[in-house]
Chemist: 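Here it is: the structure, laid out below.
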Amino acid sequence: MNPQLRFQHVHADHLKEWFAETLAAYPELHSRPIYLRKVSMRYSTMRAQPVINWQFFRRALRHYRVDFSNHTEVTVHVKVRELPKEVVVGWFAHELGHIVDYLNRPWRGMIAFGLGYAFWSRYMREAERRADTIAVDHGFGSEIQATKRYLINHATLPRHYKKRLRKYYLSADEIDALIAAYEEEGEMPDIVEI
Ligand SMILES: [Zn+2]
């Protein structure tokens, strides 16, 4: 087990166990301080970010945090702790994939990443693909599929949007963002084609 793994406000023992299990498959993260935190988020269910402290500026010392929300925005009335194991593990594996993708970026590169991710949908899409690819490379292919299947089947969206989601096969975060936009605006933003 990663000696630098910390849980913040996570009460469900099975989530702690599943996260530690998933993290064990990422040897490049074993010497890193990693946090899993439960926090209330409006627009996403899970996200992975570097922690902004003084270590942020030293790539080798940087801390990383995976946040998850009590409730999924994606599925009405479903809590993360009530999701099936493979769906949660697929989601964790995807988030840890983001962290692996952050490892070699200097702090300026991290800031550029944040801006690109926030303002350029193509950049976001590529980052999501990389996170999925890294998770698959670490042996989580079937779990990644399970997470997406779950989201597509349970997302609270009209059917024609679900069809588009299936067609473009978006990542968990992209589906989250689309649903949040849908709930906010009452309409879907365009899905960027690649
Ligand atoms: Zn993601």
Side-chain angles (χ1 to χ4, degrees), residues 15 18-19 22-23 25-26 28-29 32 34-52 62-75 78 80 83 86-105 109-155 157 164-183 188-189 191-194:
L15 290 181
W18 296 349
F19 189 79
T22 313
L23 183 60
Y26 288 75
E28 61 274 66
L29 300 179
R32 309 277 176 168
I34 305 269
Y35 307 87
L36 177 68
R37 178 173 72 167
K38 188 172 81 177
V39 68
S40 176
M41 291 187 281
R42 174 103 179 75
Y43 291 113
S44 61
T45 306
M46 256 189 237
R47 69 180 175 205
Q49 289 175 333
V51 177
I52 308 295
R62 209 182 275 152
H63 299 198
Y64 296 95
R65 187 161 54 212
V66 173
D67 286 328
F68 73 95
S69 192
N70 304 355
H71 296 271
T72 64
E73 286 289 333
V74 175
T75 54
V78 174
V80 172
L83 294 173
E86 29 163 34
V87 172
V88 175
V89 168
W91 218 320
F92 285 157
H94 170 91
E95 298 305 331
L96 294 175
H98 278 303
I99 294 179
V100 169
D101 185 37
Y102 301 154
L103 286 182
N104 293 320
R105 295 173 195 271
M110 267 325 303
I111 289 170
F113 177 94
L115 293 173
Y117 191 91
F119 297 114
W120 195 23
S121 54
R122 177 158 179 173
Y123 193 94
M124 175 187 185
R125 206 178 154 76
E126 283 166 5
E128 294 309 327
R129 284 250 164 117
R130 282 197 303 278
D132 279 346
T133 307
I134 293 166
V136 171
D137 287 345
H138 285 72
F140 293 101
S142 64
E143 288 83 355
I144 290 285
Q145 296 290 354
T147 308
K148 288 178 189 183
R149 222 177 306 121
Y150 184 89
L151 289 168
I152 284 168
N153 293 335
H154 293 80
L157 284 177
R164 287 182 72 183
L165 291 182
R166 227 174 266 125
K167 185 171 169 198
Y168 293 107
Y169 226 63
L170 302 180
S171 74
D173 306 86
E174 286 172 303
I175 295 173
D176 257 10
L178 285 171
I179 290 162
Y182 171 76
E183 282 170 352
M188 293 291 275
I191 293 171
V192 179
E193 288 188 54
I194 47 144

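Whatever order the structure lists ligands and atoms in, that order sets their numbers, starting from 1. Side chains are part of it too, since the values below use all heavy atoms of this structure and drop only hydrogens, waters and symmetry mates.
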Chemist: For Tyr64, which residues count as a ring pair (Phe, Tyr, Trp, His ring centres under 6.0 Å) partner, sequence neighbours excluded?
Modeler: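 Not a single residue meets the ring pair (Phe, Tyr, Trp, His ring centres under 6.0 Å) criterion with Tyr64.
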Chemist: Report the relative orientation of the aromatic rings in Tyr26 and His138; use parallel for angles under 30°, tilted for 30 to 60°, perpendicular for over 60°.
Modeler: parallel
Chemist: With sequence neighbours left out, what residues match Glu28 under salt bridge (charged side-chain N to carboxylate O under 4.0 Å, His left out)?
Modeler: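 Partners of Glu28 by the salt bridge (charged side-chain N to carboxylate O under 4.0 Å, His left out) criterion come out as none, since no residue qualifies.
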Chemist: Applying side chain to side chain donor-acceptor pair (under 3.5 Å), can you list everything that pairs with Tyr123, at least two apart in sequence or on another chain?
Modeler: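 So Tyr123 forms no side chain to side chain donor-acceptor pair (under 3.5 Å) with any residue.
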Chemist: Sorted by chain and residue number, which protein N/O/S atoms are under 2.8 Å from the Zn ion (ligand 1)?
Modeler: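 The answer, once waters are left aside, is His94 NE2, His98 NE2, Glu128 OE1, Asp173 OD1.
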Chemist: Given Phe19, which partner from the list Val88, Ile34, Val89 fulfils the side-chain contact (heavy atoms from CB on, under 4.5 Å) test?
Modeler: Ile34
Chemist: Is it the case that the side chains of Glu128 and His98 hold a donor-acceptor pair, with the cut-off being a distance below 3.5 Å and no angle test?
Modeler: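 Yes, side-chain donor-acceptor contact under 3.5 Å.
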